[in-house]
Amino acid sequence: MLAPRPLVTLLLVTLASSVGCAKSTGPDTPPDPDDAPLPNSLDINTWTQAERVARFPKFDSIFPSQVVRRGGAVRDLPAGTPLPFGADGERALRDFIATQGVSGLLVLQDGRIRLERYALGQTASSRWTSFSVAKSLTSILVGAALRDGSITSLDAPITNYITELRGSAYEGVTVRHLITMTSGVAWNEDYSDPNSDIRRFIQYKPVPGLDANVGFVRTLPREAPPGTRWKYKTPETNLLGTLLIAATRKPLGTYLSEKIWAPYGMDRDATWLQDHVGHAQGGCCLQATLRDFGRIGQFVLDGARVNGQSIVPVGWIETSTRKQWDIGVPGRGYGYQWWTTDAGPFEARGVYGQLIHVDPARRLVVVILGSWLSPTAADSDQQQRNLITSLGAALDAEAAGR
């Protein structure tokens, strides 16, 4: 399940508050802004499909971002046996890629590449934006900060770290409430409602020197006691990012580089969109290659370990990828910024079809990047799930035939 249009970060924080700021230098080779001129509209939902396909790989040339540095060594993703699709399966796969706006598809099993396809002009060295897939990375970094002691406890009040929220509806809200999206603070993310919070946020003019998310959400009322109601709210994952910055005293991109990107062996620098005060947005928009997104899935599948040592507390991955809250969809739930299933697989998901699917039982990671025709297209979502089911069935049949 995708939450209704979780484009808060991109539309409201990064776009509304940071246009006109100096852009970052991009990964490896600085991006040329002339390659991706500033759109006439900053609302991604108003872009044509051709505009999205052209701009999703170039967010860090359009919008301010910070670099997430790679390290010196690259973790190999060796070739595995190609998936046994057959002629009919190959035709169905080509049709899926063409009709679903797929720019990249990667299937890893036991860390080996069993399927890799590119389209829409993308290659193995191309970056693509993650949208809300970034939320799951922010969750891992919260675990890392807990293990490091930078965050004292999941039950610590967030006002210990974001002091500007003292006296607001976030008084009494803990890190656990933020990471499970159960703060109880009111939020309406309905783009069709002109009076919704999301639409008001679009018009919000950030306070100079104050994190844009903090400045807006501290005006919101409470609608339920903390820890009693789940509601998808991208600004609250952005607050997790702000909290991490305060707790670690490092830019979010730097902390990601130090904990995962460099030591685990990502192939290319990534970039992370930031607001007008230079805060990367925890809820959205990390730009990386298809294979590096695959390495993220493999990193989690292997227990978030670097050189054999976990960077998160014991049990963190198992807990964060297991249902913590019901979301009203049978068999599915929400963990610590991961979409969960009762069957075991879990996912990082972003609008317009971004996906990291992790299946521990099959030792499987599936990454899909692309541009659906609409943010949360129900038919495209089902087509994506059908593909995942087909991949699982093909692997099961292969295993049974050995």
Side-chain angles (χ1 to χ4, degrees), residues 6 9-10 14 27 59-60 65-71 75 127-148 150-151 175 178-181 234 236-245 247-248 250-274 279-306 310-312 316-317 319-321 334-340 346-351 354-358 365 367-369:
T9 303
L10 182 62
T14 304
F59 268 26
D60 51 17
S65 59
Q66 58 188 240
V67 179
V68 181
R69 298 292 181 190
R70 63 179 179 177
R75 178 172 292 271
R127 298 181 307 276
W128 195 268
T129 193
S130 72
F131 292 106
S132 290
V133 165
K135 288 179 171 65
S136 302
L137 266 173
T138 298
S139 169
I140 300 170
L141 293 182
V142 170
L146 279 164
R147 191 179 188 280
D148 290 347
S150 300
I151 296 174
V175 179
L178 276 192
I179 205 168
T180 56
M181 293 195 179
T234 295
E236 295 198 338
T237 316
N238 295 341
L239 288 182
L240 277 177
T242 302
L243 188 151
L244 279 164
I245 293 166
T248 64
K250 296 176 181 179
L252 204 56
T254 298
Y255 195 55
L256 174 59
S257 175
E258 292 178 356
K259 302 307 294 186
I260 302 173
W261 220 256
Y264 189 70
M266 299 303 181
D267 182 45
R268 292 197 66 197
D269 291 351
T271 57
W272 206 335
L273 266 60
Q274 63 186 24
H279 285 179
Q281 302 301 287
C284 185
C285 307
L286 183 85
Q287 287 66 239
T289 66
L290 179 69
R291 288 188 181 183
D292 281 345
F293 281 121
R295 288 182 177 94
I296 291 169
Q298 190 66 39
F299 173 73
V300 175
L301 182 61
D302 291 339
R305 290 181 172 85
V306 173
S310 177
I311 70 163
V312 296
W316 178 264
I317 295 299
T319 301
S320 62
T321 59
Y334 201 72
Y336 294 169
Q337 306 287 303
W338 291 91
W339 300 97
T340 69
F346 53 90
E347 296 172 336
R349 283 187 161 266
V351 289
Q354 321 318 315
L355 172 73
I356 300 177
H357 173 92
V358 182
V365 174
V367 182
I368 303 176
L369 304 175

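Just so we're clear, the structure is a prediction, and the values are computed from it rather than from any experiment.
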For a quick test of reading the model, state the closest non-hydrogen atom pair linking [X] to [Y] and the distance between them.
{"X": "Ala134", "Y": "Gly283", "result": "CB-C, 4.3 Å"}
{"X": "Lys250", "Y": "Tyr255", "result": "CD-CD1, 4.3 Å"}
{"X": "Ser310", "Y": "Gly303", "result": "OG-O, 3.6 Å"}
{"X": "Pro263", "Y": "Val306", "result": "CB-CG1, 3.5 Å"}
{"X": "Gly294", "Y": "Val365", "result": "O-CG1, 4.0 Å"}
{"X": "Glu347", "Y": "Arg349", "result": "OE1-NE, 2.8 Å"}

Do [X] and [Y] come within less than 4.5 Å of each other through their side chains, counting heavy atoms only?
{"X": "Trp261", "Y": "Ile296", "value": "yes"}
{"X": "Ile151", "Y": "Leu243", "value": "yes"}
{"X": "Gln337", "Y": "Thr237", "value": "yes"}
{"X": "Lys135", "Y": "Met181", "value": "yes"}

So, [X] side chain and [Y] main chain: donor-acceptor pair closer than 3.5 Å or not?
{"X": "Arg268", "Y": "Arg127", "result": "no"}
{"X": "Thr340", "Y": "Thr321", "result": "no"}
{"X": "Trp272", "Y": "Cys284", "result": "yes"}
{"X": "Glu258", "Y": "Leu256", "result": "no"}
{"X": "Asp269", "Y": "Arg70", "result": "yes"}
{"X": "Ser139", "Y": "Tyr336", "result": "yes"}
{"X": "Thr289", "Y": "Asp292", "result": "yes"}
{"X": "Thr319", "Y": "Trp316", "result": "no"}

For [X], which of [options] qualifies under side-chain contact (heavy atoms from CB on, under 4.5 Å)?
{"X": "Leu137", "options": "Val300, Val142, Leu286", "value": "Leu286"}
{"X": "Met266", "options": "Arg75, Arg291, Arg69, Arg295", "value": "Arg295"}
{"X": "Leu141", "options": "Val312, Leu240, Leu244, Thr248", "value": "Leu244"}

To the nearest 0.5 angstrom, please state how far the [atom1] atom of [X] sits from the [atom2] atom of [Y].
{"X": "Glu236", "Y": "Leu178", "atom1": "CD", "atom2": "CG", "answer": "5.5 Å"}
{"X": "Gln281", "Y": "Leu273", "atom1": "CD", "atom2": "CG", "answer": "8.0 Å"}
{"X": "Thr254", "Y": "Gln66", "atom1": "OG1", "atom2": "CD", "answer": "6.5 Å"}
{"X": "Ser320", "Y": "Tyr334", "atom1": "OG", "atom2": "OH", "answer": "11.0 Å"}

Inset, instruction - Return yes if a side-chain donor-acceptor contact under 3.5 Å exists between Ser65 and Gln287, otherwise no. - result: no
Inset, instruction - Please check if the distance between the ring centroids of Trp339 and Phe346 is under 6.0 Å. - result: no
Legend entry - Residues Ile311, Ile140; criterion side-chain contact (heavy atoms from CB on, under 4.5 Å); working and verdict: CA-CA 9 Å; Ile311 70 163; Ile140 300 170; 4.2 Å; yes
Legend entry - Evaluation steps, side-chain contact (heavy atoms from CB on, under 4.5 Å), between Val367 and Trp128: CA-CA 12 Å; Val367 182; Trp128 195 268; over 6 Å; no
